[in-house]
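What follows is one structure encoded as structure tokens, with my remarks underneath.
Side-chain atoms are counted along with the backbone in the values below, which use heavy atoms only and exclude waters and symmetry mates. In what follows, every chain begins at residue 1, and chains take the letters A, B, ... in the order their sequences are listed.
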There are 2 protein chains.
Amino acid sequence: MSEENKSGIPLPTIRRLPLYASILFNARDGKQTTISSSYIAKELGLEPIQVRKDLAGIGITGQPRIGFPVVELIEAIEKFLGWDNTSDAFIVGAGNLGAALAGYPGFKKHGLNVVALFDCDYSKIGSKIHDKEVFDIERMGHLTERLGVSIGILAVPAEVAQAITNLMVDAGIKAIWNFTPTKLLVPNGIIVERVDLAASLAVLSSKLTAAIKGKKSN
Amino acid sequence: MSEENKSGIPLPTIRRLPLYASILFNARDGKQTTISSSYIAKELGLEPIQVRKDLAGIGITGQPRIGFPVVELIEAIEKFLGWDNTSDAFIVGAGNLGAALAGYPGFKKHGLNVVALFDCDYSKIGSKIHDKEVFDIERMGHLTERLGVSIGILAVPAEVAQAITNLMVDAGIKAIWNFTPTKLLVPNGIIVERVDLAASLAVLSSKLTAAIKGKKSN
DNA sequence: TAGATTGTTAATCGATTAACAATC
DNA sequence: TAGATTGTTAATCGATTAACAATC
């Protein structure tokens with residue numbers, strides 16, 4: 001038990017919530033107080049009924065003829081996704097990608113606060129990247145405990161991904177956002193979510209191949 | 001028509017192919033000539049039958065009692081995903097993320113060759129990032145045509161994502177790998193695949209919330 | 001041969017979509 | 001009221017999984 005998505009809300013729905021949020025932010029900025037499922041759907045290329053199902057999932061109901069309350073919806077999504085109370089996170093690996101993630105301005109809005117980076121390269125340790133200090137990875141255990149950090153963003157070379165993951169788990173990290181192409185082995189209870197660039201690129205190129213074939217056969 | 005995944009292979013299968021490839025590379029390095037679906041499945045936390053279905057999809061059959069031929073499988077996956085003949089690509093946006101992507105060593109293996117970057121910041125134009133030149137975005141149309149590039153990697157700030165996309169489409173880019181949080185509007189026939197960090201983070205935090213709740217209720 | 005592993009065919013499962021009554 | 005938009009209930013769809021005969 002406790003291996004599965006406990007909230008009862010389908011994962012595809014959860015993935016769409018940030019998209020809804022962005023439409024809703026625009027609506028709020030435009031002083032709209034209500035919004036219809038068909039408007040949201042049109043903006044995102046979805047079906048209205050899917051939008052309604054998804055929104056019902058996080059407990060917001062609309063009013064027939066009126067639509068959904070914009071602000072209430074925003075608050076419900078922010079609460080559900082934890083955007084309202086920020087979690088601290090470490091970035092592990094201060095290379096190209098780690099540095100880019102440290103400078104990414106969007107995380108704050110999404111409830112993620114990067115407090116520090118870790119690396120094992122002495123030329124980086126002690127320096128600052130985007131105003132965040134790079135610590136010796138040896139100190140991760142100590143700092144994880146002291147600062148109560150539970151999220152680690154893994155941005156190291158693939159070759160050392162598993163070894164560094166082990167260090168993160170030992171350090172007390174509970175959730176790993178994995179930017180490496182490695183399928184990580186972790187103990188029960190540790191959460192891993194991978195940003196799978198290879199999968200995304202595979203989809204892109206298969207679409208491209210299909211498009212070219214489609215054109216040729218016309 | 002031609003809007004859908006024409007290859008007939010389900011998208012989830014396509015996303016798993018790179019995972020299979022990584023297991024197969026290991027097997028080949030270990031001089032294994034055959035591999036069973038249950039071994040692959042165990043390594044990836046999948047069901048053996050799912051692995052067999054997926055592999056059947058790309059046209060490779062195994063032998064009862066023996067398993068699947070490692071090298072043949074690798075070649076089939078590489079061919080299907082276009083890893084065997086490299087496509088050139090531009091990175092548009094030479095900021096933190098664009099620079100990190102320009103230095104990412106994995107693209108070559110996945111059939112993607114970054115030939116140049118584009119930006120509109122004159123302090124960057126003319127410089128080199130990871131040995132790749134940064135060009136004025138004004139020249140994108142010219143260079144897209146001259147070099148026959150069809151893939152653009154979009155790594156600009158969200159605010160300008162749509163505007164730069166329009167430039168890319170005008171320049172002749174056929175497929176956009178979108179690293180921004182923006183849902184892009186593109187003409188028919190232009191392919192967009194988005195790396196949706198917000199969706200991934202949403203899944204991570206909902207899992208984390210569920211895990212904490214689960215623990216509390218125990 | 002015996003047994004491991006395959007491919008095929010059918011069942012299940014979960015998400016999406018359709019139909020439509022309810023309602024502001 | 002009339003009509004737009006909702007929520008509910010049921011149907012569809014596609015992917016996953018199960019059962020099992022085929023086969024090396």
Nearest-neighbour nucleotide for the Gln50(B) side chain, dG7(C), dT17(D), dT16(C) considered: dT17(D)
OP1 or OP2 of dT6(D) under 4.0 Å from side-chain N/O of Ser37(A): yes
Heavy-atom neighbours of Tyr39(A) OH exceed 12 at 6.0 Å: no
Non-hydrogen atoms of Asn166(B) and Leu185(B) that approach each other most closely: OD1-O, 4.3 Å
Spacing between Ile49(B) atom CD1 and dT8(C) atom P, to the nearest angstrom: 10 Å
Leu44(A) CG to dT16(C) P, straight-line distance once rounded to whole Å: 14 Å
CD1-CD1 distance between Ile77(A) and Ile58(A), expressed to the nearest 0.5 angstrom: 4.5 Å
Length of the CG-C1' vector between Leu11(B) and dC13(D), whole Å: 15 Å
Asp54(A) side chain to Gln50(A) side chain, donor-acceptor N/O pair below 3.5 angstrom: no
Nearest to side-chain heavy atoms of Glu47(A), which nucleotide of dT17(C), dT16(C), dT16(D): dT17(C)
Residue closer to the 5' end of DNA chain C, Ile35(B) versus Pro12(A) (nearest nucleotide): Ile35(B)
Integer-rounded Å distance: dT6(C) C1' and Lys53(B) NZ: 13 Å
Distance test, side-chain N/O of Arg65(A) to OP1/OP2 of dT1(D), below 4.0 Å: no
Side chain to side chain donor-acceptor pair (under 3.5 Å), paired with Ser37(A), selected from Arg52(A), Lys42(A), Glu47(A): Arg52(A)
Distance in angstrom units between Arg15(A) CZ and dT16(C) P, rounded: 10 Å
Whole-Å gap separating P (dG7(D)) and CG (Leu55(A)): 8 Å
For Ile153(A) against Ala89(A), the heavy-atom pair lying closest together: CD1-CB, 4.3 Å
Nearest-angstrom distance from the residue atom CD1 of Ile9(B) to P of dT16(D): 13 Å
Nearest-angstrom distance from the residue atom CD1 of Ile58(B) to P of dG7(C): 12 Å
Sugar-phosphate only, base, or nothing, as touched by Ser38(A) at under 4.0 Å among non-hydrogen atoms: nothing
Closest-nucleotide ordering on DNA chain D, the 5'-leading residue of Ala56(A) and Asp54(B): Ala56(A)
Of Arg52(A) and Thr13(A), the one whose closest DNA chain C nucleotide lies more 5': Thr13(A)
Stem segments of DNA chain C by first residue number [Watson-Crick or G-U, under 3.5 Å, at least 3]: C:3-24 with D:3-24
Contact under 4.0 Å: Gln63(B) side-chain N or O vs dC24(D) OP1/OP2: no
More than 12 heavy atoms from other groups under 6.0 Å of NZ on Lys109(B): no
